[in-house]
Protein chains: 2
Amino acid sequence: MTKVRIKDIAEIANVSMGTVDRVIHKRGEVSPKTREKIQKLLEDFDYKPDIAARSLAMKRDIHLAVVMPKVVNDHTFWELPQQGIQQALDALDHDQVTIHRFYFDQLDRLGFSAILENFPYGKMEGVLFAPVFREESTEFLERCAEENLPVVLFNSLLDTPAVRSYVGQDAYHSGYVAAKLISYGMEQGRDLAIVNMSARKDHYAHIIERERGFRAYFASSESHPKHMISIDLNGADDLLLKEKLSEICSSYDIAGLFVTNSRVHKVARFLSETKRERVRLVGYDLLPENIEFLKQDRIDFLLSQKPEEQAFQGLNSLYNLVVFNREPAPRQWLPIDIITRENLAYY
Amino acid sequence: MTKVRIKDIAEIANVSMGTVDRVIHKRGEVSPKTREKIQKLLEDFDYKPDIAARSLAMKRDIHLAVVMPKVVNDHTFWELPQQGIQQALDALDHDQVTIHRFYFDQLDRLGFSAILENFPYGKMEGVLFAPVFREESTEFLERCAEENLPVVLFNSLLDTPAVRSYVGQDAYHSGYVAAKLISYGMEQGRDLAIVNMSARKDHYAHIIERERGFRAYFASSESHPKHMISIDLNGADDLLLKEKLSEICSSYDIAGLFVTNSRVHKVARFLSETKRERVRLVGYDLLPENIEFLKQDRIDFLLSQKPEEQAFQGLNSLYNLVVFNREPAPRQWLPIDIITRENLAYY
DNA sequence: TAATTTTCCGTGTACGGACACGAAATTAAG
DNA sequence: CTTAATTTCGTGTCCGTACACGGAAAATTA
């Protein structure tokens, strides 16, 4: 029993292909009794449209928007999602999809508003969005909902009904994993510190979640550090960072530092320069700077957020939603990859 | 400038579509000078065939063979690649591809030969193969080469020119990673053991490579175990295993055990039953049995070979080779994922 | 009953590429 | 210079779906 085509169904039903097509697409202009007859046949023969033929016949251009921070100064993190977007474009039906990029400065709230001001809602068919400024983003999402624009979020989750799907990592559990790694076989009675260097901690729920997860691990485990210190350095410069770290390192018997985002290389540099070797260091993301220190064994573990994959999967979901009307899972959790010097080469 | 089609190129070159088509597919029967002219145009305009139109026009059935061990007794490992194959089938253009399964008993050399005896070389267009028996497999690969049948290997590498691509993990480095994990923060002066439980160690080069990598780590590191013991239990039953382990554990101060394949759960069970708690355990693969012990913290780390992904990528490569003539990379290394109790949920 | 509208359905073509077939042009042989 | 062989190339058809267009039949109105 080979594959049934519209033509086959039409012949069996003694109607033309056009009629079958109208039934399939519910375009009306078919008498109830032939409609029912054809619908039954479609079900009986389990008719499935040929995707190749369909997409050939459709040939419509898809316009998708990507709204996310751009790379400014040392926030090289945001280069990674761009790679994922490029990969997705290569994998998808190339020229069929046009990506419109709306990149904003994640320190410039007004600039972000300005972008939203001129956002061409009508021209877009879907949005991939990495939210930063909470209020403005929420507003944007609501507007998208009004315009019936499907949105897929990544990197950071805003809990808005307008969002069709979120692609990201479970921040809480990644902190949990970090805690396991940093405490695995650690000497008893020493201290641990958590370093927050997010530009604006309040903007990123996942930064907070990571710290929560990190602390939760020790609450449920037999091994505890003697002290657990938090250092918040929102928007601080490198000088202030070094001061703070020096202070902490001399006041406590620091066995490990957990940096809650990708700027762990700054701490690594400090430790390296001040030759503190018995300090474990765990942070996030495969930035070139971080990789350097991982290779030198100055960073022990990096947890990858997989920003490329987040963007890749996000764009893919959006495409499948817009083109094939395939509803994505509301939450797409990516694995929490553990990267060490030894397995780095394969990521 | 919109997308160029064969028709466009043909018009610009003042030839017909057929001629352009012949140049694209290198089917000859085109004079050198028109060929060059058209090739230049193709490059200049960066012609890319429309995949929808192409697959519609081709509409040929692809027959691919999968040759790998089947699940017998407690070798549940081989269920995993089957999942990957199913995923690949779902992702590929469904009905276009037919998979023919040739599953053999990895303990039954003759059975394998029998399969090869009746292998329908002529009917297949590609083979995904997990080699076990070295000589027979080599013979099979040579035969495939004669028949011009492209082969993609996974799981275990046989170095034969007939092989178009290998999808797998760098076994040596995975052993290296295992060593890092087992020795990370380990107390000085204790002992480590390597446990080999492969059915036939000599059949699997990667088992040996894992042990090599494991040992190499300590050769290049400052931290060493006091003793490093190897236990070989090829084809041994569970009773013998327990005996051997008991013996080792009482003769040495074992701080950690590295099991070089997915049967690590057997060692976990022993340690659990004998209540030896200060022993680290590292092994391979997310079998249900292993996951159980990972959750109980009786296994510290599992390295995933990603058998599903191996099969998935392998089948994908084969498809792309057969259908689109896209040559795969000769070696496709998969990342060495580190799985702990804490990040397990996301794999 | 004729004229008009409405409902229902068939025909034709586009989408872009692959390939079979056969025609025209070129070359080789006599 | 003709004829045959060979090379080179154009035409036409098919793949399966979507949709525009228009025709025929049925229903409504005059």
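All figures in this text were calculated on a predicted structure; none of them were measured in a lab. The sequence lines fix the lettering, A, B, ..., with proteins before strands; numbering per chain opens at 1.
Remark: Thr34(A) is not in phosphate contact with dC8(C), judged by side-chain N or O atoms under 4.0 Å from OP1 or OP2. For Ser16(A) and dG10(C), the shortest distance from a side-chain N or O to OP1 or OP2 is below 4.0 Å.
Taking the side chain to side chain contact (heavy atoms under 4.5 Å, CB included) definition, one finds that Arg143(A) meets it with Tyr121(A), Glu146(A), Glu147(A), sequence neighbours left out. In this view, Ile336(B) and Asn343(A), Tyr346(A), Gln169(B), His173(B), Ser174(B), Val177(B), Leu303(B) satisfy the side chain to side chain contact (heavy atoms under 4.5 Å, CB included) rule, not counting sequence neighbours. Looking at residues two or more places apart in sequence or on another chain, you find no ring-ring contact (aromatic ring centres under 6.0 Å, His included) involving His25(B). Under the rule for a side chain to side chain contact (heavy atoms under 4.5 Å, CB included), Ala57(A) has no partner lying at least two apart in sequence or in another chain. Under the side-chain hydrogen bond (donor to acceptor under 3.5 Å, both in side chains) criterion, Gln332(B) pairs with Ser165(B), Ser317(B), not counting sequence neighbours. With sequence neighbours excluded, no residue satisfies ring-ring contact (aromatic ring centres under 6.0 Å, His included) with Tyr347(A). With sequence neighbours excluded, the residues forming a ring-ring contact (aromatic ring centres under 6.0 Å, His included) with Phe140(B) are Phe119(B), Phe129(B), listed by chain and number. Judged as a salt bridge (charged side-chain N to carboxylate O under 4.0 Å, His left out), and not counting sequence neighbours, Arg101(A) has no contacts. Taking the side chain to side chain contact (heavy atoms under 4.5 Å, CB included) definition, one finds that Ile24(A) meets it with Ile6(A), Val20(A), Leu42(A), Tyr47(A), sequence neighbours left out.
Taking the charged nitrogens against the carboxylate oxygens, Lys40(B) and Asp44(B) do have a contact shorter than 4.0 Å, which makes a salt bridge.
Using five terminal pairs a side, the axes of the helix from dT1(C)-dA30(D) to dG30(C)-dC1(D) at its two ends make an angle of 60°, given in steps of 10 degrees.
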Original post:
In the 5'-to-3' direction, what one-character label does each nucleotide of nucleotides 21-28 of chain C receive under the scheme B = base within less than 4.0 Å of a protein heavy atom, S = sugar-phosphate only, - = no such atom?
Top reply: --------

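More than 12 heavy atoms of other residues, nucleotides or ligands sit less than 6.0 Å from atom CD of Gln83(B).
One atom, CD of Glu11(B), and another, C1' of dG16(C), lie 13 Å apart when rounded to the nearest Å. Between the CG atom of Leu56(A) and the P atom of dG17(C) there is a distance of 9 Å, given to the nearest Å. Separating the CG atom of Asp50(B) from the C1' atom of dG16(C) is a distance of 6 Å, rounded to the nearest angstrom. Whole-Å rounding puts the Arg5(B) CZ to dC15(C) C1' distance at 9 Å. Between the C1' atom of dG10(C) and the NZ atom of Lys7(A) lies a distance of 14 Å, rounded to the nearest Å. To the nearest angstrom, P of dT7(C) lies 17 Å from CZ of Arg27(A). Taking atom CG of residue Asp21(A) and atom C1' of nucleotide dC9(C), one finds them 12 Å apart after rounding to whole Å. Rounded to whole Å, the distance from CE on Met17(A) to P on dT13(C) is 14 Å.
In terms of position on DNA chain D, the residue among Ala57(B) and Arg35(B) whose nearest nucleotide sits closer to the 5' end is Arg35(B).
When DNA chain D is scanned in the 5' to 3' direction for atoms under 4.0 Å from non-hydrogen atoms of chain B, the outermost contacting nucleotides are dT8(D) to dG16(D).
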